[in-house]
Chemist: 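Questions regarding the structure given below will be posed in turn.
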Amino acid sequence: QVQLVESGGGLVQAGGSLRLSCAASGRTFSMYTMGWFRQAPGREREFVTGISWSGSSSYYADSVKGRFTISRDNAKNTVYLQMNSLKPEDTAVYYCAVQRTAYAGTKSYTRESLYDYWGQGTQVTVSS
């Protein structure tokens, strides 16, 4: 089992920044790709970004490309999401997740069904 705990959410004005963290514990040696997803009220959960185990490969949804940056520190079993130039439409609960299998290709980062463990989520609210 892997436990994931997100932190860093909050209320920010449009144009501002937030940095989310996701700390993993438990059987962390079995972790591979880590990803961030988000769910806005009344909408389905959607992919935001993912990063490979080594950190050498990442993939972003078009809606956040150029504004968000994912990174990870395997020594700390933590993945980060730096969010800049935030917009009201970024308002959502943000979830981190981890895959236990090493899938080929960055498209695998976007597939929710391939993630094995999920955090409880952290709320991000962007005011206009």
Chemist: Test side chain to side chain contact (heavy atoms under 4.5 Å, CB included) on Gln123 and Leu11 and set out the steps.
Modeler: CA-CA 8 Å; Gln123 177 70 47; Leu11 174 64; over 6 Å; no
Chemist: Compare every heavy atom of Ser128 with every heavy atom of Pro88, then report the nearest pair and how far apart it is.
Modeler: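 Distance-wise, the nearest heavy atoms are CG-CB, 3.8 Å.
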Chemist: Are any of the side-chain heavy atoms of Arg38 and Ser63 separated by less than 4.5 Å?
Modeler: yes
Chemist: Roughly how far, to the nearest 0.5 Å, is the SG atom of Cys22 from the CZ atom of Arg72?
Modeler: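 Reported to 0.5 Å precision, the distance equals 10.0 Å.
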Chemist: Has Thr49 got a side-chain atom pairing as donor or acceptor with Tyr59's backbone, closer than 3.5 angstrom?
Modeler: yes
Chemist: Do Leu86 and Val93 sit in one hydrophobic cluster, given that two such residues count as connected whenever their side-chain heavy atoms are within less than 4.5 Å of each other, even indirectly?
Modeler: no
Chemist: For Thr91 and Val126, indicate whether the former's side chain and the latter's backbone hold a donor-acceptor pair under 3.5 Å.
Modeler: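 Flag set: sc Thr91 to bb Val126 pair under 3.5 Å.
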Chemist: Linking I/L/V/M/F/W/Y whenever any side-chain heavy atoms sit under 4.5 Å apart, do Val64 and Leu20 land together?
Modeler: yes
Chemist: Apply salt bridge (charged side-chain N to carboxylate O under 4.0 Å, His left out) to Lys65 and list each qualifying residue two or more places apart in sequence or on a separate chain.
Modeler: Asp62
Chemist: Do the side chains of Val12 and Val48 join up, straight or via other hydrophobic residues, at under 4.5 Å, putting them in one cluster?
Modeler: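 Yes, because Val12 and Val48 connect within a single hydrophobic cluster, where side-chain heavy atoms sit under 4.5 Å apart.
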Chemist: Between Asn74 (side chain only) and Ser54 (backbone N and O only), is there a donor and an acceptor less than 3.5 Å apart?
Modeler: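 Flag not set: sc Asn74 to bb Ser54 has no pair under 3.5 Å.
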Chemist: So do Thr101 and Leu114 actually touch side chain to side chain, heavy atoms under 4.5 Å?
Modeler: no
Chemist: Within this structure, what is the CG-CD distance for the pair Leu4 and Gln120, rounded to the nearest 0.5 Å?
Modeler: 9.0 Å
Chemist: Does Tyr60 share a hydrophobic cluster with Val98, counting links as ILVMFWY side-chain heavy atoms below 4.5 Å and allowing steps through other members?
Modeler: yes
Chemist: Given Phe37, which of Tyr109, Trp118, Tyr95 fulfils the ring pair (Phe, Tyr, Trp, His ring centres under 6.0 Å) condition?
Modeler: Trp118
Chemist: Hey, is the main chain of Cys96 close enough, under 3.5 Å, to the side chain of Glu6 for a donor-acceptor pair?
Modeler: yes
Chemist: Which distance, rounded to the nearest 0.5 Å, do you find between the OG of Ser25 and the CD of Gln1?
Modeler: 10.5 Å
Chemist: Does the Glu46 side chain pair with the main chain of Ala61, one donor and one acceptor, at a distance under 3.5 Å?
Modeler: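 A pair under 3.5 Å: no.
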Chemist: Could you report the tightest heavy-atom contact between Gln99 and Ser108, atom names first, then the distance?
Modeler: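 Of all heavy-atom pairs spanning Gln99 and Ser108, the closest is NE2-O, 3.1 Å.
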Chemist: If you look at every heavy atom in Thr78 and Ser21, which pair is closest and at what distance?
Modeler: CG2-CB, 4.4 Å
Chemist: Please examine the side chains of Met83 and Val124, heavy atoms only from C-beta on, and report whether any two atoms are closer than 4.5 Å.
Modeler: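 Yes. Closest side-chain heavy atoms under 4.5 Å.
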Chemist: So which heavy atom on Ser17 is nearest to which on Asn84, and how close?
Modeler: OG-OD1, 2.9 Å
Chemist: Donor-acceptor check, side chain of Tyr115 to backbone of Thr33, threshold 3.5 angstrom: yes or no?
Modeler: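 Between the backbone of Thr33 and the side chain of Tyr115 there is no qualifying donor-acceptor contact (under 3.5 Å).
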Chemist: Centroid separation under 6.0 Å, is that true for the rings of Trp36 and Phe68?
Modeler: no
Chemist: Any link between Tyr117 and Leu81 through a network of hydrophobic side chains (Ile, Leu, Val, Met, Phe, Trp, Tyr) touching at under 4.5 Å?
Modeler: yes
